[in-house]
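Only one structure is covered here, and it is reproduced in the block below.
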Amino acid sequence: MADHCHFDVGGHKYKVSRSLIQQHPNTMLARISSEQWQKDPKAEILMDRNGDRFQYCLDYLRDGAVALPATVPKKALIQDL
């Protein structure tokens, strides 16, 4: 398996370490980036979500908390998580 996953989230490109994703095995990110779902580990994973908010989802996975700017509604981020 590759060290990173490549995501296209709403047209925004993200390169995320597999070690971060593997720390959260019960998440949809872990499932869609697993060998079971992703036959080519170097292929980009397309997600039809808000690409601007995805960075905050990653921050939450990294830190267990996230500081949102006033322009990002908390309710919208919770839906993304």
- [ ] Look at the side-chain heavy atoms of Ile, Leu, Val, Met, Phe, Trp and Tyr, link any pair under 4.5 Å apart, and say whether L58 and Y60 land in one connected group.
- [x] no
Task: Contact list for residues 8-28, test ring pair (Phe, Tyr, Trp, His ring centres under 6.0 Å), sequence neighbours left out - done: Y14-F54
Task: Closest approach of A30 to I21 (non-hydrogen atoms, all atoms of both residues) - done: CA-CG2, 3.4 Å
[atom1]-[atom2] distance between [X] and [Y], expressed to the nearest 0.5 angstrom:
X	Y	atom1	atom2	result
R53	I78	CZ	CD1	11.0 Å
C5	K42	SG	NZ	13.0 Å
R18	S34	CZ	OG	8.5 Å

Task: Non-neighbouring partners of I32 that pass side-chain contact (heavy atoms from CB on, under 4.5 Å), sequence neighbours left out - done: F7, M28, L29, W37, I45, M47
- [ ] Starting from the C-alpha separation in whole Å, work towards a yes-or-no answer on side-chain contact (heavy atoms from CB on, under 4.5 Å) for S17 and D3.
- [x] CA-CA 6 Å; S17 69; D3 292 342; over 6 Å; no
Task: Exceeds 12 heavy-atom contacts within 6.0 angstrom, atom CG of D40 - done: yes
Listed partners of [X] passing side-chain hydrogen bond (donor to acceptor under 3.5 Å, both in side chains), at least two apart:
X	answer
T27	none
H6	none
K13	D8, E44

Task: Which residues share a salt bridge (Lys or Arg N to Asp or Glu O under 4.0 Å) with R31, sequence neighbours left out - done: none
